[in-house]
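FYI, side chains are in, hydrogens and waters are out, and symmetry mates aren't considered; it's all heavy atoms of this structure. All chains are named by letter (A, B, ...) in the order of the sequence lines, taking the proteins before the strands, and each is independently numbered beginning at 1. Since the model is a prediction, treat every value here as computed from it, not as a measurement.
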Amino acid sequence: MSDTQDPPTDEPPADDQLTGEYDPADIESKWQDHWVAEDTYAYDGDSAEQSSADQSSGQSPRDDADTRFSIDTPPPTVSGNLHMGHLYQFTLQDFVARYHRMADDTVYFPFGYDDNGIASERLTERELDIRHQDFERREFQEKCREVCATYEDEFTEDVQSLAISVDWDNTYKTIAPEVQRVSQLSFLDLYEKGREYRQRAPTIWCPDCETAISQVEQEDEDKATKFNDIAFDLVADGDGPITWDETFTISTTRPELLPACVSVFVHPDDDENQHLVGGTARVPLFGQEVPIIADERVDMETGSGLVMCCTFGDQNDIEWYQAHDLDLRLAIDESATMTEVAGDYEGLSTTEAREAIIEDLDGEGYLLESRDHDHTVQVHERCGVEVEYLVTEQWYIEMLDKKDEYLEAGREMDWFPEKMFSRYQHWIEGLEWDWCISRQRDSGIPIPVWYCADCGEPVMAEKADLPVDPLSDDPPVDSCPECGHDELTPEEDVFDTWATSSLTPLVNAGWDWHADESADTADSVDAEAGEFTMDNPELYPFDLRPQGHDIISFWLFHTVVKCYEHTGEVPFENVMVNGMVLDENREAMSKSKGNVIPPSEVLENFPVDAARYWAAGTSIGDDFPYKEGDLEAGERLLQKLWNASRLVDQLTPATRPAEPEELSAVDRWLLAELDATVDSVTAKFEDYAFSKARNELRSFFWNTFCDDYLEIAKQRLSDGGDASTEYTLLTAHQTFLKLFAPFLPHITEELWDRLAYGAESDDGSIHTTDWPVAGGYEADLAAGETAMEVVSALRRYKTENGLPLNADVEHVEVYGHVDGFEAAIAEAMHVETLDTYEDAPDITTEVSGIDLDYSVVGPEFGSDVGAIDSGIESGDYEIDGERLVVADEFELGPDLFEVEETRTYSGEGEMTETERAVVVVR
RNA sequence: GGGUCCGUGGUCUAGUCGGUUAUGACGUGGCCUUUACAAGGCCGAGGUCGGUGGUUCGAAUCCGCCCGGACCCA
């Protein structure tokens with residue numbers, strides 16, 4: 001904050017009349033700076049404790065989860081620019097945070113920066129023009145932190161400029177040593193709980209990134225390729241006799257895997273090829289002889305119906321390899337280069353080898369046909385390169401054995417929208433791999449383990465020492481505890497970034513391990529005695545996890561798994577899943593399509609509050625398009641709010657008068673409508689139904705308050721003060737400003753401040769006041785509604801007769817129930833004499849039809865409804881007192897129908913009908 | 001190939017455990033300088049609820065099929 005900036009609190013209070021138009025540009029940034037400087041959104045972890053210092057209650061409010069609302073925010077990658085998705089997502093979170101800050105005691109709304117990933121590694125290399133390989137890991141991470149810090153500052157400013165009410169004292173960075181400690185503690189804890197293992201097994205491998213990846217990181221991609229029909233020679237009989245020179249055909253898209261071929265499979269139902277089963281085939285060019293085996297997993301529809309199994313071309317190959325105990329022939333190495341198993345082709349890349357092998361197969365007459373083929377391949381989501389399946393040694397978190405438990409954990413959370421649970425469910429149901437958490441990257445959070453150079457026994461770091469880097473730190477023991485060998489080699493691998501990202505609830509709650517101080521720490525046996533604790537246990541489990549639907553399988557699922565294993569509890573009460581922002585043609589915004597709209601461009605043209613109004617405009621979970629028109633609607637609302645507030649300010653005294661003993665009917669009506677709005681909007685906020693809350697609130701403000709009530713109030717107050725009206729105006733105004741505050745934080749704060757409503761909260765901010773509750777006003781709502789209909793009928797009368805709306809009307813007769821509203825109608829519509837009658841007016845009526853209430857008639861008359869309908873249609877009915885008799889056959893009670901009448905008014909003046917009243921202007 | 005979700009005036013959207021007249025906003029046509037607001041007020045036009053078949057007295061709503069779209073998993 002600059003010192004030339006006057007703190008808003010120094011501005012002249014009460015008598016400073018609102019003037020002119022609302023100018024968001026200056027006002028919005030003024031408040032953004034103010035909120036940050038004043039820590040308006042600080043998590044008040046201790047306040048409840050202090051306020052209860054009288055010790056009257058036994059339980060510390062700090063432990064009372066009901067008064068605190070905690071949100072586990074998604075840490076964005078800092079190297080990326082702020083995009084509309086961020087704006088949308090942050091704003092939705094902020095609606096929740098602001099609502100609960102007012103409705104509950106205090107809100108924990110932290111902010112994280114995800115800088116522990118490949119993105120920030122690459123950013124650092126680019127910025128500093130260095131290579132991470134040239135540095136020790138810890139040193140390089142130090143540089144990452146420095147480079148990221150600049151970007152984080154920028155990001156922080158961007159987020160603050162959206163008025164996201166984050167507690168800026170509670171931020172974290174995933175690369176920070178504290179977080180690395182949590183990540184490594186998690187690893188050790190899961191290892192001790194027997195949930196982790198290290199295994200040499202087939203792994204999903206990205207040959208471009210040269211690392212193992214997990215199932216969640218691979219995705220589908222359709223690719224065009226060639227299907228090659230290759231002849232295999234038979235060298236031994238199967239179940240049936242073969243002729244001496246018999247061959248069969250294998251169709252494959254991956255001929256470079258021929259050297260890795262270990263068997264051929266036939267479907268048990270494949271009658272044509274059944275005689276081959278049990279026989280032996282020779283692989284062309286490479287010459288290895290492989291068994292021919294029957295297995296149901298063969299897809300008879302693809303290619304020749306015969307398929308080769310290579311170690312490993314796809315996941316099926318792995319299953320066959322394990323099920324039939326096949327040989328292992330690894331023809332491709334970590335960098336997608338052919339190995340010595342590939343003989344002459346050794347050293348070629350897989351793509352080079354594919355071409356060369358096809359050429360040679362063709363040359364030797366083994367290639368029967370090569371045709372175009374479209375198929376789906378698995379690629380690494382980060383780089384788009386086709387994955388391979390390699391046998392490597394990796395660390396895994398066991399998950400497959402607890403699929404049911406994790407599914408149950410998902411069910412324990414409340415999902416908004418509910419349907420998003422099915423994504424979680426399907427992901428778990430389709431899980432086929434345990435979670436591979438080791439990555440062969442140079443940078444990342446190190447796996448804190450060493451291995452005995454002799455027997456391979458893993459030696460875990462000690463919890464008290466974390467974070468460690470085995471590459472530069474010494475192991476906790478001098479020799480192998482298993483065999484006594486004195487050489488220990490450090491683990492070089494690092495964690496999958498999701499292994500850390502999945503710990504955000506624990507990071508936020510201050511999860512840590514503390515040595516048991518009573519234990520003799522000098523004794524190495526007891527050095528591990530201690531316990532896991534949380535600095536802020538009241539936060540956990542978190543009330544809300546907000547996130548996008550695209551990372552339900554990545555972030556949410558892994559977080560549930562990890563936190564559940566560590567704490568035995570599901571980490572979240574509620575999950576709010578937001579959709580994606582699309583462009584105005586409903587297409588995803590992407591750099592490649594060139595349809596990205598940066599928030600900065602939007603905010604140059606529109607106030608932040610208008611952008612927030614737009615963000616509140618859709619059902620949670622739905623993707624939704626960016627439309628400039630919606631922001632214009634928000635902008636108009638701001639102007640209307642400003643102007644209406646200006647009028648309220650002009651009409652009322654500086655301070656709200658005490659509630660009068662007797663409120664007039666109009667005032668009670670407005671306050672009762674306000675009560676209904678408060679209840680309804682509150683319920684919508686509780687359900688994360690922002691769009692409905694927004695629209696209902698807007699409708700109350702614009703239609704009920706401005707169009708109806710304010711028009712009446714200004715006439716009533718034109719003759720002088722009236723405590724009932726003044727009280728009502730100010731009560732309603734303050735209440736709906738609060739209701740608007742989560743959506744429109746700037747303008748509501750400005751009005752709250754300018755109109756000096758601020759005495760209620762310590763810091764004068766509307767955002768720390770209490771959320772409104774209904775006042776329990778009772779009113780004749782029907783009379784109010786009828787009165788509003790009459791007003792609108794009179795407006796219509798004036799419009800249709802070309803009269804200005806403030807034209808005087810001499811005499812109006814109202815036939816209908818408008819008790820208590822007579823004067824209000826007359827004043828608002830400039831009526832000199834207004835007479836009301838409860839009974840029907842002196843008019844001639846003619847029955848023009850019958851209106852059936854089908855919801856009652858249907859169940860009662862069932863299939864006779866058709867006959868009744870046609871009876872009424874043809875006029876074959878009579879009204880017998882209160883009953884309706886149709887076609888001399890069906891008798892309908894008074895609740896089942898309404899008589900439709902055409903009224904003709906023969907008296908003096910003009911008649912207008914509304915739903916509940918008849919209005920005659922004379 | 002399997003699954004989930006979705007399709008409502010020109011645009012976005014409410015309504016969806018069935019009840020006949022489908023909500024609102026934006027846009028659009030007309031009228032009104034009304035002393036908070038013309039970025040306003042009032043009045044209109046505009047939809048056979050993707051198509052089709054069925055269940056039912058009655059379907060935007062339930063069921064089948066088809067078309068179109070999004071996403072997830074092979």
Complementary nucleotide for [N] - Watson-Crick or wobble, under 3.5 Å:
N     : result
B:U4  : B:A70
B:C62 : B:G54
B:U35 : none
B:G27 : none
B:G18 : none

Contact under 4.0 Å: [X] side-chain N or O vs [N] OP1/OP2:
X        : N     : answer
A:Trp614 : B:C12 : no
A:Arg636 : B:C26 : yes
A:Lys714 : B:A36 : yes
A:Lys627 : B:G10 : no

What interatomic distance, in whole Å, is found between [atom1] of [M] and the corresponding atom of [N]?
N     : M     : atom1 : result
B:U8  : B:A60 : C1'   : 7 Å
B:C6  : B:G10 : P     : 23 Å
B:C42 : B:A36 : P     : 16 Å
B:G3  : B:A39 : C1'   : 48 Å

Result for side-chain hydrogen bond (donor to acceptor under 3.5 Å, both in side chains) between A:Asn578 and one of A:Gln89, A:Gln547, A:His549 points to A:Gln89
Of the listed nucleotides B:G19, B:C57, B:A70, the one nearest the side chain of A:Asp623
B:A70
Given the ring of A:Trp415, does A:Arg423 sit roughly above its face, with NZ or CZ under 6.0 Å from the centre of the six-membered ring and within 45° of the axis?
no
Expressed in angstrom and rounded to an integer, what is the separation of [X] atom [atom1] from [N] atom [atom2]?
X        : N     : atom1 : atom2 : result
A:Leu582 : B:C12 : CG    : C1'   : 12 Å
A:Glu696 : B:A25 : CD    : P     : 14 Å
A:Glu628 : B:C12 : CD    : P     : 16 Å

Applying side-chain contact (heavy atoms from CB on, under 4.5 Å) between A:Ile825 and each of A:Val790, A:Val919, A:Val666, report the one that passes.
A:Val790
hbond_proxy A:Lys419 side chain to B:C5 base (donor-acceptor, 3.5 Å cutoff):
no
